[in-house]
Amino acid sequence: MPMAMKQLVAVGLAVLVPGVCGAQPAADGAVGASTPWGDPDLQGIWDFRTITPLERPGELAGTDVLTAEEAAVQEALTASERVDRVPEAGDTGFYNRFWLDQGTEVVPTRRSSLIIDPPDGRLPPLTTAEQQRMARRAVTWERPIRERVAGYLPNRIADGPEDLGIAERCILGFNSGPPMIPSFYNNSMQLLQTPAHVVILNEMVHDARIIPLDGRAHLPSGLRQWMGDSRARWDGATLVVETTNFTDKTSSFSPEITSAVGSGENLRLVERFTRVDAATLMYRYTVDDPVTFVRPFTVEQPMVATDWPLIEYACHEGNYAMPNTLAGARAEDAEAHASR
């Protein structure tokens, strides 16, 4: 939910329920703080909005970290570009700025890309097999349902709701992951802990991953889930979450909502959460899918503590575009049939 809307809702909540905005304070403990049962305390609500791109722009090749001056230029340029403009004639336009909450600052580390490995800050090349698969998808839309993966595939024709990307269907979406990637809005998550589990609750599509810490094995390979099968363990002060068993209807990686590559059935995702200070949770993840990418890659995303509450994201309930689009297509079909 965009920040402007969050502010309106939060004010309303504060009036109706005094103190609700402070009922779940974001991570306010010091580094090294522990839960009552002795685990490192990573709990809180964490904001991962940023203007730092996933991949390092070509003009910044060889620049791992921006200077303070370079970061200020990037932030000023972003502010100047994010201005509402009247759509061209015939263009229905996009969300205006009120609805977007993409952040205004680079990450606190001032890295020039969220990708830290490979060293060039770029996604690894796709394998030959994945390039061929993408080429096949680009030339035909009459393909088996199982090959229609997550995300928005350009120039694709949909016959019905099941043929749309899972983000369009509000099953997963945008930045909810895993892995979590900054997007248009809802760039917040809440981390909760118990002695036996850790819970990652995403504001986007209000998905909750309930992850056991008891050392149990992953599910059998034949059991697949939209968000995979996650298992957690502690590596010193770092929470390590390994996820496998994604379905073949999710992608290996969706760098943005308009693209998706690979099949989740081949993905092994390792996420690491480390408390850097009272206000920062370092989120680092490695995508390992040798069928899609020629090598694994690692992304580092600092998350900042916030005292804004998570707001319910009613994606499916407000998804009027999908039934309206399909109803319009059926009306066109009926009109064409009647004119024969």
Side-chain angles (χ1 to χ4, degrees), residues 1 6 9-10 13-14 17 19-49 101 171-183 185-216 218-219 225-245 269-285 300-315:
M1 175 175 287
K6 282 187 178 180
V9 174
L13 288 174
V17 185
V20 69
C21 293
Q24 293 187 20
D28 56 1
V31 174
S34 299
T35 61
W37 54 91
D39 287 337
D41 191 348
L42 309 182
Q43 298 181 98
I45 299 177
W46 302 96
D47 181 347
F48 51 95
R49 293 174 296 158
D101 188 24
I171 294 173
L172 297 178
F174 296 88
N175 55 31
S176 63
M180 293 174 278
I181 305 172
S183 187
Y185 38 62
N186 295 89
N187 294 297
S188 298
M189 73 89 173
Q190 184 171 11
L191 196 150
L192 306 102
Q193 296 170 241
T194 73
H197 294 84
V198 61
V199 179
I200 299 173
L201 173 61
N202 285 97
E203 187 172 55
M204 180 66 80
V205 199
H206 46 261
D207 281 312
R209 298 164 61 195
I210 303 174
I211 306 168
L213 277 162
D214 57 8
R216 72 184 69 176
H218 280 284
L219 294 173
Q225 302 184 119
W226 289 115
M227 302 184 78
D229 178 50
S230 298
R231 298 290 183 265
R233 59 181 174 83
W234 290 102
D235 180 9
T238 296
L239 177 70
V240 182
V241 179
E242 179 176 331
T243 307
T244 59
N245 295 55
L269 175 70
V270 177
E271 301 164 281
R272 302 176 70 89
F273 300 82
T274 307
R275 187 73 166 272
V276 176
D277 54 43
T280 309
L281 181 72
M282 187 62 73
Y283 174 54
R284 179 181 293 196
Y285 62 85
E300 185 178 85
Q301 168 71 61
M303 296 184 173
V304 180
T306 177
D307 57 2
W308 286 104
L310 296 188
I311 305 297
E312 181 184 4
Y313 181 63
C315 179

*Listed once per pair and sorted, the salt bridge (charged side-chain N to carboxylate O under 4.0 Å, His left out) pairs that draw on residues 232-241, sequence neighbours left out*: D235-R272
*Applying side chain to side chain contact (heavy atoms under 4.5 Å, CB included), run through V241 and R209 and close with a yes or a no.*
CA-CA 11 Å; V241 179; R209 298 164 61 195; 3.7 Å; yes
*Between the main-chain N or O of M204 and the side-chain N or O of N202, is there a donor-acceptor pair closer than 3.5 Å?*
no
*Could you state the interatomic distance from CD (Q43) to OG1 (T35), rounded to the nearest 0.5 Å?*
7.0 Å
*Taking all heavy atoms of G236 and all of P40, pick out the closest pair and write down the distance.*
O-CG, 4.0 Å
*asked:* Determine whether a donor-acceptor pair (N or O, by modelled atom type, separation under 3.5 Å) exists between the side chain of H218 and the backbone of D229.
replied: yes
*asked:* I need the single residue from N175, N186, D101 that forms a side chain to side chain donor-acceptor pair (under 3.5 Å) with R49. Which is it?
replied: D101
*Point-to-point distance, once rounded to the nearest 0.5 Å, from CG of L310 to CD1 of I45*: 4.5 Å
*Find the distance between CG (D214) and NE2 (H197) and round it off to the nearest 0.5 Å.*
6.5 Å
*Side-chain heavy atoms of E242 within contact of V240, under 4.5 Å*: no
*ring-ring contact (aromatic ring centres under 6.0 Å, His included) partners for F273, two or more places apart*: Y283
*Do the side chains of M303 and L191 get nearer than 4.5 Å, heavy atoms only?*
no
*Please lay out, stage by stage, how L213 and L239 fare under the test side chain to side chain contact (heavy atoms under 4.5 Å, CB included).*
CA-CA 10 Å; L213 277 162; L239 177 70; 4.0 Å; yes
_I'd like to know whether M180 forms a side chain to side chain contact (heavy atoms under 4.5 Å, CB included) with Q301, so could you lay out the CA-CA distance, the side-chain angles of the two residues, the decisive distance to 0.1 Å, and finally the verdict._
CA-CA 9 Å; M180 293 174 278; Q301 168 71 61; over 6 Å; no
*asked:* Using a 3.5 Å distance criterion without hydrogens, assess whether the side chain of N245 forms a donor-acceptor pair with backbone atoms of L219.
replied: yes
*Kindly compute the distance separating OG1 (T194) from CH2 (W37), expressed to the nearest 0.5 Å.*
6.0 Å
*Can you measure from CD1 (I211) to CD1 (I200) and round to the nearest 0.5 angstrom?*
4.0 Å
*Over all atoms of both residues, closest heavy-atom pair of L42 and A237*: CD2-O, 4.5 Å
*Looking only at heavy atoms, which two atoms of L172 and G177 are closest? And how far apart?*
CD2-O, 4.1 Å
*What are the two closest non-hydrogen atoms of Y313 and E203, and how far apart are they?*
CB-O, 3.3 Å
*Kindly give the heavy-atom pair with the smallest separation between S176 and D207, and that separation in Å.*
OG-OD2, 4.0 Å
*Distance-only, no hydrogens or angles: does the Q190 side chain make a donor-acceptor pair with backbone N or O of V199 under 3.5 Å?*
no
_I need the minimum non-hydrogen distance between S230 and P212, along with the two atoms involved._
O-CD, 3.6 Å
*side chain to side chain contact (heavy atoms under 4.5 Å, CB included) between I181 and Y285, worked out*: CA-CA 10 Å; I181 305 172; Y285 62 85; 3.7 Å; yes
*Once you round to the nearest 0.5 Å, how far does CG of L201 lie from CD1 of I210?*
9.5 Å
